[in-house]
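Here the structure is laid out as structure tokens; the discussion comes afterwards.
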Amino acid sequence: MNTDLSWVLNDVLEVRGARHAVLVSGDGLLLQRSDDISRDDAETNAAAMSSMQSLSRAVSGFVGSGNGVWKQTLMEYDGGWIFLSAAGQGAYLAVSAAPDVDMEAVSFRMQKTVVALSKAMSVAPRSATGGGS
């Protein structure tokens, strides 16, 4: 499937201060990028985001429950924020944002984007019609 899903990622950037979005596979491959980030930058960040989600999952027990399930990682830098969340089976959504971004709005929009991505990436089951295999 080589479907252009940039329109879904661009939707999360409607939040004032959101800068870039990338959809990443668990093994670090870039699946999709928003329009405003170059392919090279998106691929570099995709590999890094894959490592970050792996690290976040590895320390999930640190929250205190024996089987903490990772949902989202938030990283703060002098120049802004990176939000990283699960986006389905083996996929992760990363969004970079300005320091003054409405964090709640970004998280909410990311959740909506994940739902839209799952709908756009799903394939309807085939129906068995007619005579056999």
Side-chain angles (χ1 to χ4, degrees):
M1 174 194 291
N2 191 10
T3 305
D4 180 12
L5 299 173
S6 61
W7 63 272
V8 179
L9 296 184
N10 289 330
D11 186 60
V12 77
L13 301 181
E14 293 296 317
V15 175
R16 187 184 58 77
R19 294 177 174 153
H20 310 293
V22 292
L23 184 64
V24 182
S25 71
D27 57 358
L29 296 177
L30 175 66
L31 298 175
Q32 193 65 57
R33 62 188 169 96
S34 57
D35 291 338
D36 59 346
I37 185 171
S38 73
R39 182 158 197 72
D40 286 344
D41 285 346
E43 287 178 349
T44 298
N45 285 291
M49 291 302 112
S50 177
S51 296
M52 290 305 302
Q53 67 78 24
S54 180
L55 179 61
S56 295
R57 287 180 188 281
V59 298
S60 64
F62 188 62
V63 299
S65 68
N67 59 354
V69 176
W70 172 80
K71 294 182 180 183
Q72 184 176 25
T73 298
L74 179 63
M75 295 164 269
E76 181 180 15
Y77 299 86
D78 286 342
W81 300 91
I82 296 174
F83 298 77
L84 176 64
S85 66
Q89 184 82 19
Y92 308 95
L93 176 61
V95 175
S96 67
D100 62 345
V101 74
D102 181 339
M103 295 169 65
E104 184 178 358
V106 170
S107 292
F108 177 74
R109 188 65 66 105
M110 286 178 74
Q111 290 171 10
K112 286 179 57 177
T113 300
V114 166
V115 169
L117 283 168
S118 68
K119 288 179 183 176
M121 292 172 59
S122 65
V123 176
R126 295 182 201 191
S127 62
T129 59
S133 55

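Reckoned from all heavy atoms, side chains included, excluding hydrogens, waters and symmetry mates. The model shown is predicted, which means the values in this text are computed figures rather than measured ones.
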How long is the gap from [atom1] on [X] to [atom2] on [Y], to the nearest 0.5 Å?
| X | Y | atom1 | atom2 | answer |
| --- | --- | --- | --- | --- |
| N45 | M52 | CG | CE | 12.0 Å |
| M49 | S96 | CE | OG | 9.0 Å |
| L23 | L31 | CG | CG | 4.5 Å |
| L9 | R33 | CG | CZ | 10.5 Å |
| K71 | S56 | NZ | OG | 14.5 Å |

Under the 3.5 angstrom rule, does the side chain of S54 hit a backbone N or O of S50 as a donor-acceptor pair?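 Such a contact is absent between S54 side chain and S50 backbone.
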Would the distance check show the side chain of R109 and the main-chain N or O of D11 forming a donor-acceptor pair, the cut-off being under 3.5 Å?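 Looks like yes, one N/O pair under 3.5 Å.
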Nearest non-hydrogen partners of [X] and [Y], listed with the distance:
| X | Y | answer |
| --- | --- | --- |
| V101 | G17 | CG2-C, 4.0 Å |
| G79 | P99 | O-CD, 3.3 Å |
| A46 | V24 | O-CG1, 3.2 Å |
| Q53 | G26 | NE2-O, 3.8 Å |
| A97 | F83 | CB-CE1, 4.1 Å |
| Q32 | L30 | O-CD1, 3.2 Å |

If a pair satisfies salt bridge (Lys or Arg N to Asp or Glu O under 4.0 Å) and one of its residues is in residues 77-105, list it, with sequence neighbours excluded.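 Salt bridge (Lys or Arg N to Asp or Glu O under 4.0 Å) check on residues 77-105 returns R16-D100.
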Is there a path from [X] to [Y] through hydrophobic residues (I, L, V, M, F, W, Y) whose side chains come within less than 4.5 Å of each other?
| X | Y | result |
| --- | --- | --- |
| M75 | V59 | no |
| Y92 | V114 | no |
| V95 | L74 | yes |
| V106 | Y77 | no |
| M103 | V15 | yes |

Which residue in the set H20, K112, Q111, M110 passes side chain to side chain contact (heavy atoms under 4.5 Å, CB included) when paired with V12?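 Output: one option passes, namely M110.
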D36 bridged to R19 by N-O distance under 4.0 Å: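 No, D36 and R19 are not salt-bridged.
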I'd like to check the side-chain hydrogen bond (donor to acceptor under 3.5 Å, both in side chains) partners of D40; sequence neighbours left out, ordered by chain and number.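 side-chain hydrogen bond (donor to acceptor under 3.5 Å, both in side chains) check on D40 returns nothing, list empty.
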